[in-house]
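By convention here, the first residue in the shown sequence is residue 1.
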Amino acid sequence: MRPTEIMRGSPPAPEAQVTRANWRSFPAIRWGFTHTREVLPTAEIRRSAQPTLMRSAPRELAKLGFTAPDGKATTIEATLRETFADTLLVMHRGTLIHEWYGDGMGVTTPHLICSISKAIAGTLGGVLAARGLLDPEARVVRYVPELETSVYAGCTVRNLLDMAVAIKFEEDYEDPAGDVARYRFSSGWDVPPSGAEAGHQRAYLTTLRGTGKPHGKVFHYVSPNTEVLGWVYERACGMPYHRILSEYLWQPLGAEEDGSLTLDSHGMGRIAGGISVTARDLIRFGEMIRCRGVVEGRQVVPGWWIDDIRENGDPKAWADGDLAEFFPGARYRSKWFTIDPSRNALTAIGIHGQHLYVDLDSDAVIVKLATQPKAMDVPIDQRWFAAFSAITAHLA
């Protein structure tokens with residue numbers, strides 16, 4: 001496609017080529033995640049005409065020390081340097097107190113947020129439900145009858161929101177011939193094999209089948225569930241997802257910059273992981289969650305929906321599910337994780353190191369974006385959870 005620099009702050013290297021075949025592979029990912037609109041087709045998520053004020057009062061956090069899960073002493077600064085981090089923002093009681101950007105990043109730089117996109121979709125569901133456009137307890141096929149012969153025929157919108165669909169699908173990011181690879185071909189993220197149709201995500205969704213077990217009983221993390229959720233939203237609202245997101249959430253919360261959503265060859269969005277936004281707008285979103293859906297006195301997301309995310313999520317479904325061994329005792333509700341139920345905190349997580357952490361006990365919101373070489377790197381995630389705990393303890 002184009003020659004460009006791999007490390008965002010370095011001079012162009014003519015031999016370096018970032019294409020759809022390698023844009024998520026290290027080191028090309030260092031450029032690809034901040035230039036997604038130059039790699040894939042995208043739709044615009046329009047910003048607000050009146051962005052919310054960003055108050056700033058810098059405090060020193062880089063030297064803050066903590067103990068990593070491996071027992072070694074470290075600091076925020078060292079953790080940023082050693083985990084391929086791109087951005088760290090910390091907001092405390094509505095004021096931005098720490099703002100760090102890596103090479104090539106800045107206030108107006110968009111960054112792919114991967115599955116934090118799911119938490120945005122889950123939050124948007126509350127807005128649509130409050131407006132009477134969406135019934136979370138309705139069957140999916142009420143909105144999308146095309147899925148009548150798929151696994152989604154028997155499940156509800158709530159099952160999609162809570163990743164409780166009894167589906168035959170393994171979310172293995174490393175298998176080049178597995179379910180995720182086929183899903184990415186359909187979404188236009190990867191180059192399909194010779195002879196395969198390019199990028200028709202919704203045709204792919206109709207082919208997915210169930211396990212034969214009941215829905216709603218086990219947490220099973222499957223990204224296509226969120227694509228179906230976006231399809232439901234489009235049918236409920238009569239407009240494309242990027243417009244729904246912009247008009248019902250992104251503009252009302254006061255986003256300062258346009259975001260984008262990747263599209264397949266048929267113009268369908270990658271709702272589960274295709275959003276790119278600035279770190280500042282992402283922390284605005286997190287601050288709205290901390291304030292129970294309120295932005296500058298306006299109720300953007302219904303407070304009862306935020307309460308439901310905080311208070312609910314089936315512990316047994318989690319215990320029987322995919323990630324219990326990594327995060328025992330956690331919960332999942334409307335695309336948000338409660339990693340530590342003893343703490344009043346919500347987390348949105350994306351592969352390659354994306355985190356949005358909303359800690360209501362300390363009134364803090366943290367955004368950390370990265371371009372880690374591995375899609376899933378649990379030791380790095382656990383190190384960052386320790387870092388978030390150190391930051392919130394320091395603020396408290």
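Side-chain contact, S187 with Q201: a donor N or O sits under 3.5 Å from an acceptor N or O. Using modelled atom types and a 3.5 Å distance limit, the side chains of E227 and Y183 yield a donor-acceptor pair. Looking at N159 and H215, their side chains never bring a donor and an acceptor atom within 3.5 Å of each other. No donor-acceptor contact under 3.5 angstrom links the side chains of S115 and K335, judged on distance only. No hydrogens or angles considered: nothing links the side chains of T108 and E257 as a donor-acceptor pair under 3.5 Å. For D359 and S362, the side-chain atoms include at least one donor-acceptor pair closer than 3.5 Å. A donor-acceptor pair shorter than 3.5 Å can be found between the side chains of T42 and R37. No hydrogens or angles considered: a donor-acceptor pair under 3.5 Å links the side chains of R383 and T74.
Scanning both residues, V165 and C155, for their nearest heavy atoms gives CG2-SG, 4.2 Å. The minimum heavy-atom distance linking T87 with A279 is given by the pair CG2-CB, 3.5 Å. Residues G104 and T109 share a closest heavy-atom pair of O-OG1, 3.8 Å. What you find for T75 and K63 is that their closest heavy atoms are CG2-O, 3.9 Å. The minimum heavy-atom distance linking A119 with A348 is given by the pair CB-CB, 3.5 Å. Nearest heavy-atom pair, T206 versus T149, reported as atom, atom and distance to 0.1 Å: O-OG1, 4.4 Å.
In this structure, F285 and W250 have tilted ring planes: the angle between them lies in the 30° to 60° band. Classified by interplanar angle (parallel below 30°, tilted 30° to 60°, perpendicular above 60°), the ring pair W23/F33 is tilted.
Ionic pairing of R235 and E146 is present here: one or more N-O contacts between side-chain nitrogen and carboxylate oxygen are shorter than 4.0 angstrom. Look at R30 and D103 and you find no salt bridge, because none of the NZ, NE, NH1 or NH2 atoms lies under 4.0 Å from a carboxylate O.
Taking the ring centroids of F169 and H220, they lie at or beyond the 6.0 Å cut-off. Aromatic rings from Y143 and Y233 are positioned such that their centres are separated by 6.0 Å or more.
Note that CG of D162 and OH of Y332 are 8.0 Å apart. Values are rounded to the nearest 0.5 Å.
Applying the salt bridge (charged side-chain N to carboxylate O under 4.0 Å, His left out) criterion to D307, with sequence neighbours excluded, gives R292, R310. Residues satisfying the side chain to side chain donor-acceptor pair (under 3.5 Å) criterion with W336, sequence neighbours excluded, are T123. Among residues two or more places apart in sequence or in another chain, the salt bridge (charged side-chain N to carboxylate O under 4.0 Å, His left out) test is passed with R131 by none. Under the side-chain contact (heavy atoms from CB on, under 4.5 Å) criterion, A370 pairs with K368, Q372, not counting sequence neighbours. With sequence neighbours left out, A153 forms a side-chain contact (heavy atoms from CB on, under 4.5 Å) with V141, E148.
Hydrophobic clustering (side-chain heavy atoms under 4.5 Å, transitive across Ile, Leu, Val, Met, Phe, Trp, Tyr) keeps F185 apart from L208. Follow the hydrophobic side-chain contacts under 4.5 Å out from L395 and you reach V367 in the same cluster. Both V90 and M105 belong to a common hydrophobic cluster when Ile, Leu, Val, Met, Phe, Trp and Tyr are linked at side-chain heavy-atom distances under 4.5 angstrom.
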Extract all donor-acceptor atom pairs below 3.5 Å that involve side chains of residues 93-100 and protein atoms in other chains or at least two apart in sequence.
| from | atom 1 | to | atom 2 | distance (Å) |
| --- | --- | --- | --- | --- |
| R93 | NE | D363 | OD2 | 3.2 |
| E99 | OE1 | R280 | NH2 | 3.1 |
| E99 | OE2 | Y101 | OH | 2.6 |
| E99 | OE2 | R280 | NE | 2.7 |

For a salt bridge (charged side-chain N to carboxylate O under 4.0 Å, His left out) check, start with the C-alpha distance between D314 and R331, then their side-chain angles and the critical distance, and finish with the verdict. CA-CA 6 Å; D314 185 348; R331 297 195 310 268; over 6 Å; no
Verify salt bridge (charged side-chain N to carboxylate O under 4.0 Å, His left out) between E287 and R290, making sure each step is shown before the conclusion. CA-CA 5 Å; E287 176 65 7; R290 186 188 73 84; 2.7 Å; yes
Working note: E234 + R202, criterion salt bridge (charged side-chain N to carboxylate O under 4.0 Å, His left out); need CA distance, chi angles, decisive distance, verdict. CA-CA 13 Å; E234 290 192 356; R202 291 188 177 172; 3.0 Å; yes
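Among R184, R182, R24, the one residue that satisfies the side chain to side chain donor-acceptor pair (under 3.5 Å) test with D190 is R24. The only option from R47, R284, R46 that meets the salt bridge (Lys or Arg N to Asp or Glu O under 4.0 Å) definition with E256 turns out to be R284. Under the ring pair (Phe, Tyr, Trp, His ring centres under 6.0 Å) rule, F327 has a single partner from F219, W318, F385, which is F385.
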